[in-house]
Amino acid sequence: MKRILLMVVRNIVRIPYAWIKLCYLAAHVDQYPEKELYEYLRWMDFHANRGGNVKIDVCGLENVPEKDGFIFFPNHQGLYDVLAVIEAFPRPFSVVAKKEIGDIPFLKQVFACMRAYMLDREDVRQAMQVILEVSRQVKDGRNYLIFAEGTRSRNGNRIGEFKGGSFKAATKARCPIVPVALIDSFKPFDTNTTKPVTVKVIFLPPLNYEDYMNMKTTEIARLVQERIQTAINERIGMDG
C-alpha cells in the first residue's frame, strides 16, 4: 500500500488525465488498435514504476519468437506480475486471469485494454470456452500470458506447482511456449515498504510445438516449472 501511495503522490500531476483516458480507453477498446492501447499502458506503467522506486531488469528478450502467436508462462508472485512484463516486453499481449481480480480498480481497466479473459475456476464450461477462444486467437497471431500456478505462490522466489490444464490452450494452438522467470515481483505490492526494488524479468528459450507435441500437459507443466525455478535459482545465486 505504501508503494502505491508513493506512485500516486509522485505522479499526482499526471493522474487526472491518465486515469480519465485509461477509463475511456477501457470502455471503448473496440475503437482502438491493440498496439495503441498497449503503448498507452506501457506509458502509464513506466511512470508508475519510476514514481514507486521500481526498476525492471530485463534479460533474454532475444529468446522471444519474432513472429507473434505465442504464450508466455511466468511464475506468479503477486498482483504486480503483469505490470512487470508490460514494461519488459514491447509488443502487445493479452492475459488470462482469475475473475477474482477482475474488479480491482486500475487492474480492471488495464485488463480491459488488454482484452483479457477473466477465468472462473469454478465453471468448467466457461474455462473450456476460454481455452478454445485463446487458442483460436493465438493461431491468428495474438500473444497471451497465462499463470500456470493458478494463484500467487506467496513463497517469494520459490514457485508453486504448475498445473497441466493451463497448457491446453498452447497445445491446441500448437504455438511456442515461452517460460518467463520473475524474481522479486512480489516486493512492489506485497511488502509494506517504499525502498527501491529491482524486479527481474527473464525470458527463457521457448518450447516450440515440435519440442512438446508428444508430451502430456502435466509433463509440459513440470518441464516449464523446472526451467523457471532453475533460472531463478541461478540468478539469485549470481546476485548473492
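Heavy-atom basis, side chains included; hydrogens, waters and symmetry copies ignored. When a residue number appears, it is its place in the shown sequence, counting from 1.
Hydrophobic cluster membership differs between I12 and F46, with clusters built from Ile, Leu, Val, Met, Phe, Trp and Tyr side chains linked at under 4.5 angstrom.
Remark: side-chain polar atoms of N157 are not paired, donor with acceptor, to backbone N or O of I232 under 3.5 angstrom. At least one donor-acceptor pair closer than 3.5 Å links the side chain of R3 to the backbone N or O of P188. Checked by atom type and distance alone, the side chain of K163 pairs as donor or acceptor with a backbone atom of E149 at under 3.5 Å. A donor-acceptor pair is defined here as one N or O able to donate and one able to accept, closer than 3.5 Å; such a pair exists between the side chain of R91 and the backbone of E66. Judged purely by atom type and a 3.5 angstrom limit, Q109 has no side-chain atom pairing as donor or acceptor with the backbone of L22.
Listed by first then second residue, pairs satisfying ring pair (Phe, Tyr, Trp, His ring centres under 6.0 Å) with a partner in residues 110-157 read H76-F147, not counting sequence neighbours.
For D45, the side-chain contact (heavy atoms from CB on, under 4.5 Å) criterion is met by N49, L83, I86, E87, not counting sequence neighbours. Applying the side-chain contact (heavy atoms from CB on, under 4.5 Å) test to R115 and every residue at least two apart in sequence or in another chain returns V29, D30, E34, L37, R142. With sequence neighbours left out, the ring-ring contact (aromatic ring centres under 6.0 Å, His included) criterion links F203 to F72, F89. Applying the side-chain contact (heavy atoms from CB on, under 4.5 Å) rule to T191 yields the partners F186, K187, T193; only residues at least two apart in sequence or on another chain are considered. Taking N143 as the reference, D68, F70, F93 meet the side-chain contact (heavy atoms from CB on, under 4.5 Å) condition, with sequence neighbours excluded.
A donor-acceptor pair shorter than 3.5 Å cannot be found between the side chains of D57 and T198. Judged by distance alone, the side chains of N75 and Q229 never bring a donor and an acceptor atom under 3.5 Å apart.
A 4.5 Å side-chain heavy-atom check between L223 and Y212 finds every atom pair outside the cut-off. Contact check for M118 versus V95: no side-chain heavy atoms found under the 4.5 Å cut-off.
Note: H28 and Y24 meet the aromatic proximity criterion, with ring centroids under 6.0 Å apart. Side-chain rings of Y40 and W43 approach one another, their centers coming within less than 6.0 Å.
Under 4.0 Å is where a charged nitrogen must lie from a carboxylate oxygen, and between E39 and R42 no such pair does.
Few gaps surround NZ on K98; more than 12 heavy atoms of other groups in view lie less than 6.0 Å from it. Environment of NZ in K55: sparse, with no more than 12 heavy atoms of neighbouring residues, nucleotides or ligands closer than 6.0 Å.
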